[in-house]
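Note that the coordinates shown come from a computational prediction; the quantities given were computed from them, not determined experimentally. FYI, side chains are in, hydrogens and waters are out, and symmetry mates aren't considered; it's all heavy atoms of this structure.
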Amino acid sequence: MMTNNSLAYYLQFDFVIYALIVGVLIALCASLLGVTLVLKRYSFIGDGLSHVAFGAMAIATVMKLANVNILVMPVTIIVAVILLRTGRKSMLKGDAAIAMLSVTSLAFGYLIMNVFSASSNISGDVCSTLFGSTSILTLDSQEVIICIVLSVIVIITYIFFYNKIFAVTFDETFCDATGVPSKRYNFLIAVIIAVIIVLGMNLVGSLLISALIVFPALGAMRLSGTFRGVVILSVISSVVCALAGMIVSILYSTPVGATIVGVDLIWFLIAAVLGRFVVHE
């Protein structure tokens with residue numbers, strides 16, 4: 001039977017501390033943009049971009065790049081910008097474009113890995129990338145520093161442009177009419193969410209990254225009636241769920257990504273029940 005002593009034992013190892021730090025930062029950043037994406041009805045963009053990142057990662061792996069993010073990060077950012085700029089007059093609406101890119105990138109990535117990869121365990125590699133693996137527990141100090149730096153940049157940028165992001169979230173036409181360039185801030189949102197997707201793939205895998213974006217925001221919306229309140233509650237719940245999921249995973253040897261998603265689901269169900277008794281102003 002696991003006890004507090006078991007957790008204290010694991011916390012003696014640097015790789016566990018690294019995993020907890022990175023997991024908390026990724027969950028925090030994902031929850032910030034999650035509220036905006038859900039309200040703009042782009043909640044599924046995390047899933048689409050993660051599949052694009054998977055396809056780019058497959059190409060980078062086959063090319064044997066020392067750092068796959070050299071290719072994955074710019075490709076994901078470019079696709080995120082394209083998706084958020086698809087408007088009503090475009091040939092493909094936002095949800096259709098996401099669905100098309102999601103399926104195509106996933107299939108293309110798997111095809112590339114099967115045809116060109118020299119690995120003897122292709123199924124294992126694909127499964128680890130899609131559903132997360134122990135990679136979050138094998139981070140080195142350099143990867144942790146990069147994650148911290150990028151997370152701090154995301155958080156500072158969100159806080160600094162909070163009012164503009166708030167305005168773009170609810171009414172882009174009004175923003176343009178009042179001199180706030182909505183396209184510029186949509187571009188900013190696209191870049192931030194792409195960075196979060198690439199970072200989050202190490203934590204929960206490409207198929208489960210949407211949970212970090214959607215569940216905290218949806219749960220918070222059941223309990224708060226203001227944008228600021230939803231963002232704050234979403235951040236708190238996301239960090240707590242990620243931390244709880246990783247601790248359970250470490251203690252009981254369960255899959256990291258799936259465990260975090262399970263905790264996020266429990267949070268959403270609790271918030272949905274409590275939300276019935278909350279009166280929004």
Side-chain angles (χ1 to χ4, degrees), residues 21-50 53 69 73-74 76-81 83-85 94 144-172 174-176 178-204 209-221 223-243 260 264 267:
I21 292 173
V22 170
V24 166
L25 288 175
I26 293 174
L28 193 159
C29 294
S31 61
L32 285 177
L33 268 296
V35 176
T36 293
L37 293 177
V38 170
L39 291 173
K40 288 172 70 68
R41 300 186 184 279
Y42 274 94
S43 56
F44 208 58
I45 194 173
D47 190 69
L49 288 179
S50 66
N69 286 334
M73 189 72 76
T76 308
I77 289 175
I78 291 172
V79 175
V81 172
L83 287 178
L84 286 180
R85 293 188 66 175
V144 175
I145 291 174
I146 292 175
C147 181
I148 292 175
V149 171
L150 290 176
S151 298
V152 169
I153 292 174
V154 167
I155 294 169
I156 292 176
T157 302
Y158 185 87
I159 293 174
F160 188 79
F161 293 105
Y162 172 82
N163 291 330
K164 301 295 190 301
I165 293 175
F166 171 81
V168 171
T169 297
F170 289 99
D171 196 333
E172 294 184 14
F174 179 76
C175 288
D176 292 330
T178 55
V180 178
S182 62
K183 290 184 179 180
R184 181 183 304 174
Y185 291 103
N186 272 330
F187 174 81
L188 177 64
I189 293 172
V191 172
I192 294 176
I193 195 61
V195 171
I196 293 171
I197 294 298
V198 175
L199 291 177
M201 286 180 65
N202 279 333
L203 180 63
V204 297
I209 186 65
S210 291
L212 292 181
I213 297 173
V214 176
F215 279 134
L218 290 178
M221 288 177 185
L223 301 176
S224 178
T226 66
F227 184 79
R228 186 184 299 272
V230 170
V231 170
I232 293 174
L233 187 56
S234 177
V235 167
I236 295 173
S237 62
S238 182
V239 169
V240 171
C241 289
L243 195 57
I260 294 175
D264 274 323
W267 147 250

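Nearest heavy-atom pair, Val195 versus Val154, reported as atom, atom and distance to 0.1 Å: CG1-CG2, 4.5 Å. Closest heavy-atom contact between Thr169 and Ile165: OG1-O, 2.6 Å. For the pair Met221 and Val38, the tightest heavy-atom approach, listed with the atom from each and the gap, is CE-CG1, 3.6 Å. Heavy atoms only, all atoms of each residue included: Asp264 and Pro216 are closest at OD1-CG, 4.2 Å. The two residues Ala194 and Ala80 come nearest to each other via the heavy atoms CB-CB, 4.1 Å.
Classified by interplanar angle (parallel below 30°, tilted 30° to 60°, perpendicular above 60°), the ring pair Phe166/Tyr162 is parallel.
A distance-only check finds a donor-acceptor pair linking the side chain of Ser238 to the backbone of Ala27 [under 3.5 Å]. Between the side chain of Ser224 and the backbone N or O of Ala220 there is no donor-acceptor pair closer than 3.5 Å.
Here OG1 of Thr226 is found 7.5 Å from CD1 of Ile232. Values are rounded to the nearest 0.5 Å. Atom CD1 of Ile189 sits about 12.0 Å away from atom OG1 of Thr157, to the nearest 0.5 Å. Rounding to the nearest 0.5 Å gives a distance of 5.5 Å between CG of Leu150 and CE of Met73. The CG atom of Leu28 sits 9.0 Å away from atom OG of Ser234, with the distance rounded to the nearest 0.5 Å.
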Test log, rule side chain to side chain contact (heavy atoms under 4.5 Å, CB included), inputs Ile155 and Cys29 = CA-CA 7 Å; Ile155 294 169; Cys29 294; 4.1 Å; yes
request  = List the steps, then state whether side chain to side chain contact (heavy atoms under 4.5 Å, CB included) holds for Tyr158 with Val231.
outcome  = CA-CA 11 Å; Tyr158 185 87; Val231 170; 3.5 Å; yes
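Inter-residue side-chain proximity for Tyr185 and Leu188 is flagged as met; some heavy-atom pair is nearer than 4.5 Å. Annotation: side chain of Ile148 is in contact with side chain of Leu25 (closest heavy-atom distance under 4.5 Å). Within the 4.5 Å cutoff, side-chain heavy atoms of Ile26 are placed close to those of Cys147. Contact check for Trp267 versus Leu218: no side-chain heavy atoms found under the 4.5 Å cut-off. Ile213 has its side chain within reach of Ile193: a pair of non-hydrogen atoms, C-beta onward, lies under 4.5 Å apart.
Counting heavy-atom neighbours within 6.0 Å of Lys164 NZ, excluding the residue itself, gives a total of 12 or less. Taking a 6.0 Å sphere around CZ of Phe187, one finds it holds 12 or fewer heavy atoms contributed by other residues, nucleotides or ligands.
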